[in-house]
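Treat the numbers as computed from the prediction; the structure is a model and nothing was measured.
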Amino acid sequence: MTFNTSLHRSWWMENGPGCLVTPVLNSRLALEDHHVISVTGCLLDYPYIEALSSALQIFLALFGFVFACYVSKVFLEEEDSFDFIGGFDSYGYQAPQKTSHLQLQPLYTSG
């Protein structure tokens, strides 16, 4: 997209839908490394096509970003459906309670 600020032409100017390109020979307007052309019959002017192309690229970039965030969320989400035995859930597996009233004492060895 040049917005007519340089001598360079848009690709869409010559290759737009329905455009017929005719080179202008022996033109005094052309610089030594450029050639002058005449473009007729375009269904849509090239600035509009460039704007639509840019809008489509922005839309696809936003869609890709949102989709990437969704995929990241799915893969990084913690899996809460697996319950470890004796895990952190209060409603999960409960170990049986001791029924004896013996108190455990440390064992000392001579050494």
Side-chain angles (χ1 to χ4, degrees):
M1 290 178 45
T2 62
F3 297 110
N4 294 326
T5 58
S6 71
L7 292 175
H8 300 287
R9 287 191 300 266
S10 168
W11 183 86
W12 286 108
M13 181 178 181
E14 297 179 24
N15 300 298
C19 292
L20 299 173
V21 178
T22 307
V24 178
L25 303 174
N26 299 329
S27 174
R28 293 183 182 167
L29 297 175
L31 298 175
E32 60 187 57
D33 59 344
H34 287 79
H35 62 277
V36 178
I37 60 170
S38 172
V39 180
T40 58
C42 295
L43 297 176
L44 193 61
D45 289 336
Y46 73 93
Y48 298 116
I49 296 174
E50 287 180 352
L52 289 172
S53 174
S54 298
L56 178 65
Q57 289 177 6
I58 290 170
F59 173 75
L60 290 175
L62 289 174
F63 177 76
F65 179 76
V66 170
F67 186 71
C69 290
Y70 169 75
V71 169
S72 175
K73 178 186 173 288
V74 167
F75 282 114
L76 294 178
E77 189 175 72
E78 283 190 43
E79 183 63 44
D80 293 333
S81 64
F82 182 77
D83 184 24
F84 294 98
I85 296 175
F88 303 109
D89 298 334
S90 61
Y91 55 85
Y93 174 79
Q94 297 291 324
Q97 300 295 325
K98 291 185 179 181
T99 56
S100 68
H101 297 290
L102 296 176
Q103 184 177 6
L104 297 176
Q105 298 293 328
L107 177 66
Y108 295 103
T109 59
S110 62

Query - Non-hydrogen atoms of Gly16 and Ile49 that approach each other most closely - result: CA-CD1, 4.5 Å
Partners passing side-chain contact (heavy atoms from CB on, under 4.5 Å) against [X] (at least two apart in sequence or in another chain):
X	result
Thr40	Leu20, Ser38
Val21	Glu14, Ile37, Val39
Asn15	Trp11
Leu52	Leu44

Taking the hydrophobic residues Ile, Leu, Val, Met, Phe, Trp and Tyr, and joining any pair whose side-chain heavy atoms are under 4.5 Å apart, which ones share a cluster with [X]?
X	result
Leu56	Phe59, Leu60
Val71	Phe67, Tyr70, Val74, Phe75
Ile58	Leu62

Requested in this report: Look at the side chain of Ser54 and the backbone N and O of Glu50, then say whether any donor-acceptor pair between them is shorter than 3.5 Å.
Outcome: yes
